[in-house]
J.: 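Take a look at this one; I'll ask things after.
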2 protein chains.
Amino acid sequence: MARKPANTTSSAGGKSARTRQRILDAAAHVLSRKGFAGTRLTDVAEVAELQAPAIYYHFPSREELIEEVMWSGIANMTDHVQQQLDALPPETGPLDRIEVAVESHLRYQLETSDYTTAAIRNAGQLPDNMRARYEAEANRYGDVWRRLFDAAKREGALRPDLDARAARMLVLGALNWAAEWWNPRRGTLDQVIRTAKSLVRAGLAVPEAVEAEPMRKPQRSRARKPAKTASNR
Amino acid sequence: MARKPANTTSSAGGKSARTRQRILDAAAHVLSRKGFAGTRLTDVAEVAELQAPAIYYHFPSREELIEEVMWSGIANMTDHVQQQLDALPPETGPLDRIEVAVESHLRYQLETSDYTTAAIRNAGQLPDNMRARYEAEANRYGDVWRRLFDAAKREGALRPDLDARAARMLVLGALNWAAEWWNPRRGTLDQVIRTAKSLVRAGLAVPEAVEAEPMRKPQRSRARKPAKTASNR
DNA sequence: GTCTATATGGAGATAGAC
DNA sequence: GTCTATCTCCATATAGAC
């Protein structure tokens with residue numbers, strides 16, 4: 001995951017590694033607030049409590065530093081959400097799984113991590129030469145959600161008038177945007193999560209299934225052309 | 001709305017006014033893609049097909065140019081959506097009104113205007129001294145939506161487990177985010193709009209009202225403490 | 001009104017001391 | 001490993017020709 005500085009004699013938790021982490025944290029903080037072009041190394045250095053040239057001991061360039069922040073922001077989100085999904089009992093219904101993803105995403109984004117906010121806010125502003133690595137990881141996260149929606153569709157849990165891709169992206173947008181407006185002083189995170197889950201479930205589910213969805217196993221043979229939706233990234 | 005250049009002898013549709021507009025359009029284009037700090041006047045000039053110093057004949061500074069793009073992006077959106085709402089028959093139900101706002105917002109944002117995308121993407125990155133005018137206008141737009149949701153709540157059209165403010169911001173987020181992913185080559189705008197309307201209506205409505213809401217008049221006296229939600233900005 | 005030429009300052013990056 | 005000093009480049013902004 002992490003590139004190590006040239007001097008590899010120090011142990012994994014040594015001073016160098018800790019300084020490097022401090023620089024990454026500071027960069028995520030600045031990046032999430034000032035944007036890609038507005039992120040200056042002097043500001044990063046100030047937050048990390050060192051002088052700007054010291055950053056070059058740990059990172060070869062400003063761009064590499066920023067790229068690592070962006071990449072790890074979305075990569076950690078992917079791992080976190082997937083981990084929560086993997087921990088569910090196998091018989092969990094598709095809408096319940098989506099609710100878990102909604103909660104995991106919001107919690108991670110709003111509670112844990114400047115990285116994710118930095119990634120989400122700046123994805124559209126990256127110069128072309130920095131996009132590749134980030135987009136590969138962003139697609140991995142998109143795939144997590146695509147699988148959730150495909151499963152729901154396959155089991156007939158999605159209302160048929162919904163376009164699966166549009167619905168998925170609209171839901172993700174609602175979650176991503178929360179970083180722009182949520183303020184702990186204006187309402188608890190739990191309140192936001194509860195509303196988001198309710199909104200998403202009711203928005204997606206066929207009316208009969210809203211109230212209480214039976215916890216049934218995925219029924220693969222009920223699918224009509226599963227390959228079709230799989231290509232719909 | 002628009003500041004005029006020093007030379008006011010030219011008519012409203014004169015060459016100066018047209019050049020000024022070209023600069024604004026170019027700035028919106030660059031701003032929506034490169035972000036606030038990444039917007040360079042040479043890039044704006046290139047898109048507008050003139051030399052960078054010529055911009056200073058029409059705008060006193062880079063900041064004033066950007067501020068005007070941001071401000072007019074959100075101001076035009078507000079006017080557009082409000083206008084669509086005002087054109088509805090007075091007996092239109094609150095969820096139907098919300099659907100109209102959803103469609104107006106998406107159409108304007110995705111079809112018409114780099115300005116709105118520029119405003120939405122860069123709102124979080126504005127330096128403090130540029131925020132005031134933009135935020136005043138953004139609040140005006142927020143008020144349009146707040147009134148829609150307050151009306152829906154007052155008439156009992158919103159599910160009671162939803163937090164009105166959180167639900168409103170989640171819906172707006174879903175719409176705002178569409179600019180990040182929608183691509184006309186991946187699906188029609190109409191398809192996105194149809195899905196968004198369906199998702200929002202089903203997500204908000206009390207189950208009984210999903211299918212076909214009676215077009216009834218607002219019933220003010222049914223409200224419980226209307227002042228409560230009004231202060232919930 | 002728009003151009004060319006240029007003053008000014010700020011940011012990334014490097015050299016080399018400690 | 002982190003610092004101070006410095007190089008270089010580039011963007012805003014101005015001066016002044018046309």
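In what follows, every chain begins at residue 1, and chains take the letters A, B, ... in the order their sequences are listed. Quick note: numbers below take in every heavy atom, side chains included, and nothing from hydrogens, waters or symmetry partners.
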J.: Let me know the distance between OH of B:Tyr57 and C1' of D:dA13, rounded to the nearest Å.
T.: 18 Å
J.: Calculate the interatomic distance between B:Gln51 atom CD and D:dA13 atom C1'; express it in whole Å.
T.: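 Value for this atom pair: 15 Å.
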J.: Does B:Glu103 have any salt bridge (Lys or Arg N to Asp or Glu O under 4.0 Å) partners at least two apart in sequence or in another chain, and if so, which?
T.: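 Salt bridge (Lys or Arg N to Asp or Glu O under 4.0 Å) list for B:Glu103, sorted by chain: B:Arg107, B:Lys197.
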J.: If the condition is salt bridge (Lys or Arg N to Asp or Glu O under 4.0 Å), which residues does A:Arg62 pass it with, not counting sequence neighbours?
T.: none
J.: A:Ala54 has a side chain; which of D:dC3, C:dT2, C:dC3 sits nearest to it?
T.: D:dC3
J.: Using atom types as modelled, flag every donor-acceptor pair under 3.5 Å from a side chain in residues 41-49 of chain A to any protein atom, sequence neighbours excluded.
T.:
unit_1, atom_1, unit_2, atom_2, d
A:Asp43, OD2, A:Arg40, NE, 3.1
A:Asp43, OD2, A:Arg40, NH2, 3.0

J.: Could you pull out all residues at least two apart from B:His80 that satisfy ring-ring contact (aromatic ring centres under 6.0 Å, His included)?
T.: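 So B:His80 forms a ring-ring contact (aromatic ring centres under 6.0 Å, His included) with B:Tyr108.
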J.: With B:Arg147, which residues qualify under salt bridge (Lys or Arg N to Asp or Glu O under 4.0 Å), at least two apart?
T.: none
J.: Without decimals, in angstroms, what is the distance between A:Glu49 CD and D:dG1 P?
T.: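 Going from A:Glu49 (CD) to D:dG1 (P), I get 19 Å.
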J.: Listed by chain and number, what are the ring-ring contact (aromatic ring centres under 6.0 Å, His included) partners of B:Phe59, not counting sequence neighbours?
T.: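 Partners of B:Phe59 under the ring-ring contact (aromatic ring centres under 6.0 Å, His included) test: none.
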J.: Please work out which residues in residues 21-36 of chain A have a non-hydrogen atom less than 4.0 Å from an atom of DNA chain D and list them by number.
T.: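 Residues of residues 21-36 of chain A that come under 4.0 Å of DNA chain D do not exist, since none gets that close.
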J.: Quick one, give me the B/S/- string for nucleotides 6-18 of chain C, reading 5' to 3', where B means a protein heavy atom under 4.0 Å from the base and S means that only happens at the primed atoms, P, OP1 or OP2.
T.: -----SSBB----
J.: Go through the structure and list residues passing salt bridge (Lys or Arg N to Asp or Glu O under 4.0 Å) with A:Arg131, not counting sequence neighbours.
T.: A:Glu135
J.: Using whole Å, report how far CG of B:Asp43 lies from P of D:dT12.
T.: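 Going from CG in B:Asp43 over to P in D:dT12 covers 8 Å.
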J.: Tell me the closest heavy-atom pair linking B:Asp143 and B:Arg146, and the distance in Å.
T.: OD1-NH2, 3.0 Å
